[in-house]
Amino acid sequence: MFEGWGNYLLVKFQNGDELFKAAWDTGIILRNSPIENCVRISVGNRDECEKTLSFIRNLLEQSAA
């Protein structure tokens, strides 16, 4: 994760493009970044944040298995 001062997080993943596409396909709107394998995650309300974090955790667990 990169240091920032806005209402979003810029996070580098092992395969950010795949995460972005998988999130989009499930209705979670993230922003692709021009920085390789980075995804911009906006801070929303509590439910949106929990849904996004749960999705990312599940995807990372699946890719680790």
Side-chain angles (χ1 to χ4, degrees):
M1 184 166 19
F2 296 87
E3 185 174 348
W5 298 272
N7 66 338
Y8 65 89
L9 305 170
L10 183 62
V11 184
K12 186 169 187 169
F13 293 94
Q14 193 167 15
N15 197 330
D17 288 336
E18 282 184 26
L19 182 133
F20 171 79
K21 290 174 188 171
W24 185 270
D25 290 344
T26 61
I28 297 174
I29 309 292
L30 304 176
R31 298 288 179 238
N32 221 351
S33 171
I35 302 171
E36 186 177 2
N37 289 319
C38 288
V39 175
R40 193 178 99 180
I41 304 170
S42 294
V43 176
N45 64 41
R46 184 178 188 99
D47 289 338
E48 292 168 336
C49 290
E50 287 176 0
K51 180 180 177 183
T52 301
L53 289 174
S54 177
F55 170 81
I56 292 171
R57 281 189 197 108
N58 288 337
L59 193 68
L60 293 175
E61 288 172 3
Q62 290 174 7
S63 64

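Source: prediction; values computed, not measured. Values below: every heavy atom of this structure, side chains too, minus hydrogens, waters and symmetry copies.
Counting all heavy atoms, side chain and backbone alike, Phe13 lies closest to Ile56 at CE2-CG2, 3.8 Å.
Cluster annotation: Val11 is connected to Leu60 through the hydrophobic network of ILVMFWY side chains, with a link wherever side-chain heavy atoms come within less than 4.5 Å. Hydrophobic clustering, with ILVMFWY side chains joined whenever heavy atoms are under 4.5 angstrom apart, groups Ile28 together with Leu9.
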Listing, residues 35-48 side-chain donor-acceptor contacts under 3.5 Å, not counting sequence neighbours, or none:
| from | atom 1 | to | atom 2 | distance (Å) |
| --- | --- | --- | --- | --- |
| Asn37 | OD1 | Gly16 | N | 3.2 |
| Asn45 | OD1 | Asp47 | N | 3.1 |
| Asn45 | OD1 | Glu48 | N | 2.8 |
| Arg46 | NE | Glu50 | OE2 | 3.0 |
| Glu48 | OE1 | Asn45 | N | 2.9 |

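Residue pairs meeting the side chain to side chain donor-acceptor pair (under 3.5 Å) criterion with at least one member in residues 18-30, sequence neighbours excluded: Asn15-Glu18. Note on residues 51-65: no pairs pass side chain to side chain donor-acceptor pair (under 3.5 Å), not counting sequence neighbours.
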